[in-house]
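One is the number of the first residue; the rest follow in order along the sequence. Counting convention: from 1, in listed order, for ligands and their atoms alike.
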Amino acid sequence: MVRPYKVKGFKRKKREEEEYYEEKEVKEEENEREKTAAEVEEAEGEEEEDERRAEEAVDELPGIPVVPSNANAGAGVIIILERASLEVAKVGKTYQLLNSDDHVNFLLKHGKDPKNYRPDIAFQAILMILDSRLNKAGRLKALYVKTEKGVLFEIKPYVRMPRTFKRFSGLILQLLQKLTVNASGKRDKLLRVIKNPVTQYLPLNSRRIGLSHSAERMVKIQDYVNAANNDVNLVFVVGAMAHGKINTEYTDDFISVSGYQLSAAYCLGMICNALEQKWNIL
Ligand SMILES: C[S@@+](CC[C@H](N)C(=O)[O-])C[C@H]1O[C@@H](n2cnc3c(N)ncnc32)[C@H](O)[C@@H]1O
């Protein structure tokens, strides 16, 4: 049976229409794919740029310089920074030291409170200690830092620390990934991750003093250090976190040095000052 012309024409028109739309769809899909590829390329370019910058910060620190040391200069002090907020995570494609300014979205996405990510506290505290006259006079015998995650590391008192937060972050990143940072061109390990507990590195004749605003005993720090015998090594334990108390399990004494809540750096400044007075370091 022959189909009427009108029906045949209608079917052909319909097939042509279908082919047109199929072709259009394929073209659109191709365009979409090209567009997505371009977007991905652009995003990858940006990430690579971030990665390059992050790596640069670390590469600039293949080793760090030292300052002339004045070790064996008499009685000394050991400082321990507790609960330092120094945590590394993979953000995008690169590992970074987490901080509450740059990683808010990342931290919230992982259910963490940005307020607790304050590596700047440890940064300021470390600079305060290393810049002190006490250290320049060779009286800082050792500096230990324990992170919130329980990683313990040692910083040699004669290290020349980076002075910008970005470079400090690069240095800590390098330390936490490679476990040591050497002096430029030398094998001397200026920063190195060591085994817990910190107590195994403290001299036998040491007095461990924990500091907190909430300690019941408030002292005048100058009187307190003046009363200490020079044969005893003083070990001060100060928190490098934003909130909470330090671990006092291994301290012999627990003191407050002011009725105000102070920053770790200021508190360390008071300790250094008091010791500088006691030992007549100008
Ligand atoms: C930013 S505070 C931490 C805040 C915490 N609420 C506290 O007072 O321990 C950092 C560190 O500075 C020291 N600190 C602050 N104020 C102090 C005070 N009035 N007396 C002694 N140490 C203090 C503590 O070692 C503290 O862990």
*Looking at ligand 1, does any of its N/O atoms fall within less than 3.5 Å of an N/O of I255?*
no

*Run the numbers for me: atoms of ligand 1, each under 4.0 Å from some heavy atom of A264, listed by number.*
10 (C), 12 (O)

*Any atoms of ligand 1 less than 4.0 Å from a non-hydrogen atom of C267? List them with their elements.*
13 (C), 14 (N), 22 (N), 23 (C)

_For ligand 1, the portion of S212 having any non-hydrogen atom under 4.0 Å away_ = both

*Do the ring planes of Y144 and Y201 sit parallel (below 30°), tilted (30 to 60°) or perpendicular (above 60°)?*
parallel

*asked:* Considering non-hydrogen atoms of the protein only, which is the closest contact for atom 20 (N) of ligand 1, and what is the distance?
replied: V257 N, 2.9 Å

*Would you mind telling me which of K146, E148, K149 makes a side chain to side chain contact (heavy atoms under 4.5 Å, CB included) with R83?*
E148

_Considering non-hydrogen atoms of the protein only, which is the closest contact for atom 24 (C) of ligand 1, and what is the distance?_
L211 O, 3.2 Å

*Which protein non-hydrogen atom lies closest to atom 18 (C) of ligand 1, naming both residue and atom, and how far is it?*
H213 CA, 3.5 Å

*asked:* Testing the basics here: between T180 and R192, what is the closest heavy-atom pair and its distance to 0.1 Å?
replied: CG2-CB, 3.7 Å

*NE2-CG distance between H103 and L108, expressed to the nearest 0.5 angstrom*: 12.5 Å

*asked:* Please work out, at 4.0 Å between heavy atoms, whether the side chain, the backbone, both, or neither of M241 comes within that distance of ligand 1.
replied: both

*Which is closest to atom 11 (C) of ligand 1 by heavy-atom distance: A240, G239, G244?*
G239

*Just jot down the ring pair (Phe, Tyr, Trp, His ring centres under 6.0 Å) partners of Y266, sequence neighbours excluded, or say none.*
none

*asked:* Check this for me - ligand 1, L262, N or O atoms closer than 3.5 angstrom, yes or no?
replied: yes

*Flag yes if F236 and I121 sit in one hydrophobic cluster, no otherwise; membership is Ile, Leu, Val, Met, Phe, Trp, Tyr, and two members link when side-chain heavy atoms are under 4.5 Å apart.*
no

*Decide whether L134 and L130 are clustered together by the hydrophobic rule: side chain heavy atoms of Ile, Leu, Val, Met, Phe, Trp, Tyr closer than 4.5 Å, transitively.*
yes

*Could an N or O of ligand 1 be found under 3.5 Å from any N or O of G259, whether backbone or side chain?*
no

*For ligand 1, find out whether one of its N or O atoms is nearer than 3.5 Å to an N or O atom of Y260.*
yes

*Can you see which heavy atom on S85 is nearest to which on R118, and at what distance?*
OG-N, 2.9 Å

*So is S214 in contact with ligand 1, going by heavy-atom distances below 4.0 Å?*
no

_Reported CG-to-CD distance for the pair D131 and Q124, which is rounded to 0.5 angstrom_ = 12.0 Å

*Evaluating non-hydrogen atoms only, which member of H243, Q261, M270 is closest to atom 6 (N) of ligand 1?*
Q261

